Amino acid sequence: MQRERISENVYWFQSEVYAQVTAGAITGPQWAVVIDTLAMPEETLAMRSFIEEELNVPVRYVINTHYHADHSWGNCFFPGATIIAHRLSRQVMEEKGQASLETARRQNAYFRQVKLVLPHMTFAEGTLTLRVGKKNLILMHTPGHSRDGISVFVEEDRVLFAGDAFMPLPYVVDGDLDELTATIKAIGKMGLENIIQGHGDIVLRGEIEEAVKENLNYLSAIRKAVRAAAKKRNPIEALAQIDVESCGKSRIYLGGLAEDLHKRNLRFLYRQVIAEEAQTVS
Ligand SMILES: [Zn+2]
């Protein structure tokens with residue numbers, strides 16, 4: 001697990017095991033807030049030890065930026081903490097969480113120690129503000145990667161923990177391309193010092209404009225490419241030829257996972273195009 005201090009009392013963690021997934025911590029004089037848990041139990045536990053033993057504060061709150069396993073399945077390793085998320089996160093975790101955990105347990109023994117812990121406190125509209133020491137954490141809805149996505153804005157430092165609303169390769173398969181486009185545009189206008197992506201490295205102030213542009217370009221490129229492919233005689237073959245570079249992204253992003261995520265984006269959008277066409281015909 002990589003670890004970095006971003007500013008006073010603000011920490012960042014990144015997995016070395018799974019998809020460069022990230023988490024954060026903000027500490028106050030008496031307690032700390034954790035933003036997301038890591039994918040593997042041992043990494044979440046290492047993060048907790050660092051906060052509780054080296055920084056010497058207990059974790060009182062855990063914020064889940066969205067319900068996906070790689071961000072929320074470590075909730076159970078903070079037994080005394082209050083879990084905070086969007087109302088939709090709790091809803092989806094309640095509906096689907098147990099079934100996906102059981103599947104994961106069959107595939108990987110690590111997950112036998114995981115128990116699903118649903119958010120205790122949720123919000124659905126507007127923002128939620130949490131004061132930690134000298135910092136305001138403002139939680140806001142940033143959907144698109146998933147419907148329940150939230151980001152955590154550390155107001156004093158102008159740092160945004162964006163969850164998967166911001167990634168080296170935008171991923172829409174569980175969300176909506178238009179919503180993600182609007183979210184990324186809004187993030188681009190916030191005048192941030194850093195964007196903490198849900199996966200990948202920290203985006204620094206001087207890199208934000210370019211990263212926002214690249215992500216927006218990518219989303220419009222895949223939309224166009226999929227629509228064009230759908231019109232071809234053999235759309236599946238045409239789809240297979242749309243590589244990640246032709247949409248302005250590098251395949252080396254996310255430890256080589258980018259190409260796979262890209263292909264899944266394409267198939268998802270293609271199914272949407274087909275569904276839209278079926279609707280217009282009928
Ligand atoms: Zn993720």
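Counting starts at 1 for both ligands and their atoms, in listed order. What you see is a predicted model; the values in this text were computed from it and never measured. Positions are given from 1 along the sequence.
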Any side-chain heavy-atom pair from [X] and [Y] closer than 4.5 angstrom?
X      : Y      : result
Thr82  : Arg60  : no
Leu160 : Phe166 : no
Arg3   : Trp12  : no

| query | Do Trp31 and Tyr61 have their ring centres less than 6.0 Å from each other? | reply |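 For Trp31 and Tyr61, the ring centres are under 6.0 Å apart.
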| field | Plane angle bin for Tyr18 and His199 - parallel if under 30°, tilted between 30 and 60°, otherwise perpendicular | value |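 Perpendicular.
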| said: One thing to verify: whether Arg251 and Glu245 come together as a salt bridge, which I'm taking to mean a side-chain N less than 4.0 angstrom from a carboxylate O. | reply: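 Yes, this pair counts.
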| What's the count of protein N, O or S atoms under 2.8 Å from the Zn ion (ligand 1)? |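 The number of such protein atoms is 4.
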